[in-house]
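Throughout, residue positions are numbered sequentially from 1 according to the sequence presented.
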Amino acid sequence: MSKLGSIGARLYRGEVGYDFIGKRKIWYGISILITITALVGLAVRGLNFGIEFSGGAVFSTPATSVSSAQAQHTADSAAPGHQAMVQKLGNGTLRIQISGLDTKQSLPVQEEVAKDLKVPVKDVNTQLVGPSWGEQIADKAWLGLGIFMVLVVLYLAVAFEWRMALAALIALIHDLTITVGVYALVGFEVTPGTVIGLLTILGYSLYDTVVVFDSLKEASKDITKQTRFTYSEIANRSINGTLVRSINTTVVALLPVAGLLFVGGGVLGAGMLNDISLALFVGLAAGAYSSIFIATPLVADLKEREPQMKALAKRVKAKRASAEAKEASRAEPSGAPQDDDPEDGASVVGPRHQPAARNRGRGRPSGKRR
């Protein structure tokens, strides 16, 4: 068995473990700090919506030796006052998108781009996108997100309980907020690919959470009939028992996504790959974090407020205090110093000296007198 497998088996059996639940205030603080940073970035910088949402024109050029910086200068000069974005694709072609352009404005921009890049005008392909199409996509995305959230809450409430459903919902909102905040801070363009990525990470995040919840449900069955563990301790054992599985699942999922993000998007210059892969990369990492450090500790907090769980915690504490007292009483006689020397002026009383007294009485002759 590999070293990681051995550690996973020991974690599952409870032989080793880390106190995730006991340090939950630290994780809450880290999540609040990250969420605040994401919200500040979202409020200050905002999202860079692509032309699919804002409307505009996309100009595709044939293969050229012109650099992206030169093409960016050309686009800014051809359409002043409009936001332009230039991407050089792997085959040497350029993709220039300028937001806010209509049909009349796009023709002179096309001619100027072709002139500066020294290519025929007919070879510059122009595609116009209206803002109404982007609004329809956004509306459908919000509708799909809302339906997904409702179905998730209903499923978890039926399969597990409402506390787990609430914790999972908070974890999902946590993951979405962080992912959107990273988009705002990095400045990546929000496209339909971004929406697809955001909806995809919800499934991954929910998968890790359900795995931990299922283990917790099995471990906490008939929990009030025992006095060995509190609910928080059983929840902590459930996290440790599924920790290696969650790490393996996340790493295996992140590796191909990292390839898309850093190799496909960074090296090859594939535009939409950046949008999808960034959302997946950040969302998968945030989902693995939230399922371990947010969702399960929240369930433990909510459950510990129940009267039954409070009574169980008192019984467990009382039993442990009684066991400690018994251990202390057993260790005290063997560890306490004993004084066997009667010459120090203290009276020595004990069964070990009584036979000597009886022997002294028996030493007198009983039948003779002096």
Apart from Tyr207 itself, its cluster of hydrophobic side chains linked below 4.5 Å comprises Val211
Indicate yes or no for a side-chain donor-acceptor contact from Thr296 to the backbone of Ile292 under 3.5 Å, with no hydrogens or angles considered. no
Answer yes or no: is there a donor N or O on one side and an acceptor on the other, between the side chain of Ser220 and the main chain of Leu216, under 3.5 Å? yes
Is the ring pair Tyr289/His174 parallel, tilted or perpendicular, if the boundaries are 30 and 60 degrees? parallel
Heavy-atom donor-acceptor pair, Ser31 side chain to Tyr28 backbone, under 3.5 Å: no
Quick one: does Ser329's side chain have a donor or acceptor within less than 3.5 Å of a partner on Lys326's backbone? yes
Return yes if some donor-acceptor pair links the side-chain N/O of Thr227 with the main-chain N/O of Arg315 below 3.5 Å, else return no. no
So Tyr183 and Val282, side chain to side chain contact (heavy atoms under 4.5 Å, CB included) or not? Walk me through it. CA-CA 9 Å; Tyr183 257 88; Val282 177; over 6 Å; no
Would a hydrophobic clustering, with Ile, Leu, Val, Met, Phe, Trp and Tyr connected at side-chain separations under 4.5 Å, put Leu154 with Val152? no
Give the minimum heavy-atom separation between Ala258 and Phe281, together with the two atoms involved. CB-CE1, 3.9 Å
Phe20 and Ile247: same hydrophobic cluster, using ILVMFWY side-chain contacts below 4.5 Å? yes
Could you give me the CA-CA distance, side-chain angles and deciding distance for Met309 and Thr224, then say whether side chain to side chain contact (heavy atoms under 4.5 Å, CB included) is met? CA-CA 8 Å; Met309 298 303 137; Thr224 56; 4.1 Å; yes
Is Leu185 reachable from Val182 through a run of hydrophobic residues whose side-chain heavy atoms are each under 4.5 Å from the next? no
Before you tell me yes or no, could you show the steps for Asp139 and Leu143 under side chain to side chain contact (heavy atoms under 4.5 Å, CB included), namely the whole-Å CA-CA distance, both residues' side-chain angles and the distance that decides it to 0.1 Å? CA-CA 6 Å; Asp139 293 339; Leu143 179 61; over 6 Å; no
Are Leu202 and Leu145 close enough that some pair of their side-chain heavy atoms sits under 4.5 Å apart? yes
Rounded to the nearest 0.5 angstrom, the CE-NZ distance for Met164 and Lys217 is 8.0 Å
Non-hydrogen atoms of Val180 and Leu42 that approach each other most closely: CG1-CD1, 3.9 Å
More than 12 foreign heavy atoms under 6.0 Å from CZ of Arg163: is that the case here? yes
Minimum heavy-atom separation for Thr194 to Val190, with atom names? OG1-CA, 3.6 Å
To the nearest 0.5 Å, tell me how far Lys225 NZ sits from Leu312 CG. 13.5 Å
Over 60° means perpendicular and under 30° means parallel, so tell me whether Tyr18 and Trp27 are parallel, tilted or perpendicular. tilted
Only residue of Thr61, Val124, Val119 satisfying side-chain contact (heavy atoms from CB on, under 4.5 Å) with Leu94 is Thr61
Calculate, to the nearest 0.5 Å, the distance between atoms NZ and CG belonging to Lys25 and Asp301 respectively. 9.0 Å
Side-chain touch Gln72/Ile96, heavy atoms, less than 4.5 angstrom: no
Got a second to check how far Ile294's CD1 is from Thr35's OG1, nearest 0.5 Å? 8.0 Å
Answer yes if Ile196 and Leu199 sit in the same cluster of Ile, Leu, Val, Met, Phe, Trp and Tyr residues linked by side chain heavy atoms under 4.5 Å apart, and no otherwise. no
Taking the side chain as every heavy atom from C-beta outward, state whether Val299 and Tyr231 have any pair of such atoms under 4.5 Å apart. yes
Taking the side chain as C-beta and beyond, is there a heavy-atom pair between Asp116 and His73 under 4.5 Å? no
Looking only at heavy atoms, which two atoms of Ala168 and Thr209 are closest? And how far apart? CB-CG2, 4.2 Å
Note: Asp123 and Pro62 closest approach over all heavy atoms is O-CD, 3.4 Å
Any Lys115 side-chain heavy atom under 4.5 Å of Val121 side chain: no
Are the side chain of Glu306 and the backbone of Gln308 linked by a donor-acceptor contact shorter than 3.5 Å? no
Check whether Asn236 reaches the backbone of Ile21 with its side chain - one donor and one acceptor, N or O, closer than 3.5 Å. yes
Taking every heavy atom of Ile201 against every heavy atom of Leu280, the minimum-distance pair comes out as CG2-CA, 3.7 Å
CE-CD1 distance between Met149 and Ile173, expressed to the nearest 0.5 angstrom: 5.5 Å
Side chain proximity check, Ile36 to Ile32, heavy atoms < 4.5 angstrom: yes
For the residue pair Ile34 and Ile30, establish whether any side-chain heavy-atom pair is separated by less than 4.5 Å. yes
Starting from Val150, can I reach Leu176 by hopping between I/L/V/M/F/W/Y residues whose side chains sit under 4.5 Å apart? no
Counting distance only, does the side-chain N/O of Ser290 pair as donor-acceptor with the main-chain N or O of Gly287 below 3.5 Å? yes
Taken to the nearest 0.5 Å, the spacing of Ser215 OG from Asn240 CG works out to 10.0 Å
Any chance the side chains of Ser232 and Glu304 put a donor and an acceptor closer than 3.5 Å? yes
